[in-house]
Amino acid sequence: MEHRKELKVSAIKNGTVIDHIPATVLFKVLTVLELHKIDTQITFGSNFDSKKLGKKGIIKISEKYPDTNDINKISIIAPEAHINIIKNYKVVEKAKVDTPQNIEKIIKCFNPKCITNNENVSTKFKVLKKDGEIALKCNYCEKITEQENFVIVK
Amino acid sequence: MKNRNLISISDYTKDEYLKILEIAEEFEKKPVQNILEGKVIASLFFEPSTRTRLSFESAINKLGGKIIGFTDSGSTSVQKGESLKDTIKTVAQYSDLIIMRHPIEGSARYASEVSEVPIVNAGDGANQHPTQCLLDLYSIKKTQGTLENLNVFLVGDLKYGRTVHSLIQAMSNFNPIFNFISPKQLKMPNEYKMFLEEKGIKYFEHEEFTDIISEADIVYVTRVQRERFSDPIEYEKVKNAYVLKNSMLENTKPNMKILHPLPRVNEISEDVDDNKKAYYFIQALNGVYTRQAIISLILGLKN
């Protein structure tokens with residue numbers, strides 16, 4: 001019997017593929033990377049079966065390559081994601097998702113009494129890692145925002 | 001410490017705490033020194049305070065400095081919608097150092113980023129109040145002769161009380177044993193217990209006063225606040241369970257002292273006030289010396 005591996009999201013010639021995104025955060029990744037501002041082709045899919053994640057999402061972006069800031073953003077929201085750089089239909093590079101020690105402006109502080117939620121002040125956090133989970137300690141109010149409370153700064 | 005900010009107790013090291021306490025001791029011996037002549041200190045209280053503000057003002061007056069500022073933001077441009085950044089940047093033009101209290105958490109850290117002069121945090125909401133912590137350390141050292149190896153009891157609201165959280169962080173440098181006494185709704189949060197475990201510091205949790213108070217060197221009492229309880233019946237149940245009475249002090253150690261950041265409501269019964277172990281009013285006086293030390297170190301007038 002013929003075994004067909006069907007591509008659920010069509011291949012791209014040149015660009016970036018972000019795979020193994022937990023389905024629950026796919027749209028957060030799309031937002032944080034500001035993909036709505038991009039003029040090249042973007043295809044994405046969600047709720048694919050994944051042995052590791054249960055349900056996963058994938059994003060393919062033609063002709064665009066992530067910078068360090070983009071990779072930092074992905075690493076905070078989807079630390080398990082794989083980022084592949086595609087040239088002429090082949091993976092030429094796997095960008096390493098390294099969680100940064102500090103992040104700025106990406107996530108909101110969950111504390112409503114924090115200065116960043118009360119005045120025009122950008123958020124700044126120290127990244128805390130524990131048992132594979134990421135939490136963010138606010139530079140200002142010193143409260144810890146857990147992953148489940150991550151909200152993207154608009 | 002010249003030109004440093006003091007925002008959070010964790011900004012400073014053990015050696016720096018000890019330096020501040022050493023200079024505070026000098027001021028206790030000679031409280032009136034004219035070293036702030038020609039200096040202008042801004043005192044910005046965006047929310048009301050009695051003890052902290054008056055003790056800073058007393059400290060500055062004893063050092064011959066001048067104070068500008070406000071005691072509540074109602075009569076200022078803040079009412080017109082001025083941002084904190086603009087207020088701080090403006091006041092920094094008029095002063096050598098800014099002392100600020102503000103209800104928003106993290107406001108002092110932010111002010112330190114935009115100000116050209118040093119900021120001393122006199123309380124930012126429920127977050128930090130480092131000068132209170134330093135005066136607590138001063139009071140402990142003065143009454144015990146040392147900060148090392150003490151058995152410290154923390155009583156009352158351990159969940160929301162910022163003074164007890166800062167005290168844990170600061171005292172963790174001096175190999176203490178902690179005993180926590182609180183209603184279960186107001187227990188010490190896990191993050192602080194984990195902090196102690198990581199540092200290998202022993203702590204014990206209790207839901208009521210027990211005989212082990214006889215082991216205490218320091219009993220630090222805080223107010224159980226009505227507004228912390230969603231159910232008023234729960235508050236009524238616990239409010240009287242944490243009242244320290246004179247009769248409970250009988251078997252305590254002779255060196256034991258009772259501290260309280262004040263204001264007190266009913267958690268220390270007034271019959272304790274005349275006991276030699278009651279230290280909270282002198283603790284308030286120590287705030288003046290400690291704040292004299294902090295201001296003069298930051299302005300580079302002592303080193």
Side-chain angles (χ1 to χ4, degrees), chain A residues 25 28 31-32 68-69 72-73 75-77 79-80 98-154, chain B residues 5-12 44 46-47 73 77-78 81-89 100-115 119 121 123-130 133 159-160 162-163 165-166 168-170 189-195 197-198 227-228:
Chain A
V25 297
K28 276 191 185 176
T31 312
V32 82
T68 318
N69 193 31
N72 282 350
K73 289 174 178 178
S75 74
I76 291 299
I77 298 161
E80 343 35 17
D98 244 345
T99 311
Q101 292 188 316
N102 298 288
I103 65 154
E104 294 186 18
K105 298 179 188 174
I106 303 170
I107 307 281
K108 282 178 70 155
C109 180
F110 87 109
N111 175 10
K113 288 184 188 152
C114 177
I115 185 82
T116 60
N117 290 315
N118 288 275
E119 296 241 352
N120 185 20
V121 180
S122 302
T123 61
K124 257 189 227 173
F125 297 96
K126 190 176 165 205
V127 178
L128 309 175
K129 273 181 270 185
K130 211 162 187 198
D131 312 324
E133 288 270 301
I134 287 174
L136 302 175
K137 183 170 183 180
C138 178
N139 174 65
Y140 296 102
C141 73
E142 305 184 21
K143 297 280 178 296
I144 294 170
T145 304
E146 310 276 351
Q147 204 154 10
E148 66 203 51
N149 295 322
F150 285 0
V151 174
I152 311 288
V153 174
K154 295 250 159 46
Chain B
N5 300 294
L6 175 56
I7 307 300
S8 174
I9 195 69
S10 56
D11 293 350
Y12 283 53
L44 309 185
F46 294 85
E47 66 173 6
S73 59
S77 299
V78 176
E82 187 178 51
S83 69
L84 177 62
K85 179 182 175 179
D86 288 6
T87 307
I88 295 294
K89 277 187 111 46
M100 67 177 277
R101 165 167 291 196
H102 197 287
I104 298 295
E105 297 165 24
S107 52
R109 177 78 62 198
Y110 176 62
S112 74
E113 291 178 350
V114 298
S115 171
I119 302 280
N121 182 9
D124 60 329
N127 185 31
Q128 286 279 339
H129 191 3
C133 185
K159 184 173 180 188
Y160 299 103
R162 64 183 172 194
T163 56
H165 300 158
S166 301
I168 281 181
Q169 288 178 36
N190 278 334
E191 58 177 295
Y192 294 101
K193 290 194 268 187
M194 271 156 53
F195 168 80
E197 281 161 26
E198 278 165 22
E227 57 268 30
R228 302 298 186 206

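Note that the structure is predicted; figures quoted are calculated from it, not measured. In the text below, chain A, chain B and the rest are named by the order of the sequence lines, each starting its count at 1.
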Nearest 0.5 angstrom please: Cys141(A) SG to Tyr110(B) OH, how far?
15.0 Å
CD1 on Ile115(A) to CG on Asn127(B), rounded to 0.5 Å
11.5 Å
Could you please spell out the steps behind the side-chain contact (heavy atoms from CB on, under 4.5 Å) verdict for Lys124(A) and Arg109(B)?
CA-CA 11 Å; Lys124(A) 257 189 227 173; Arg109(B) 177 78 62 198; over 6 Å; no
So how far is it from Asp124(B) CG to Glu142(A) CD, rounded to the nearest 0.5 Å?
7.5 Å
Taking atom NZ of Lys143(A) as the centre, report whether more than 12 heavy atoms of other residues, nucleotides or ligands fall under 6.0 Å from it.
yes
Between Ile104(B) and Lys113(A) the two heavy atoms that sit nearest each other are CG2-O, 3.2 Å
Close side-chain approach of Asn139(A) to Glu113(B), heavy-atom, < 4.5 Å
yes
Do NZ/NE/NH1/NH2 and the carboxylate oxygens of Lys137(A) and Glu191(B) come within less than 4.0 Å?
no
A quick test of your reading: do over 12 heavy atoms of other residues, nucleotides or ligands sit less than 6.0 Å from NZ of Lys159(B)?
no
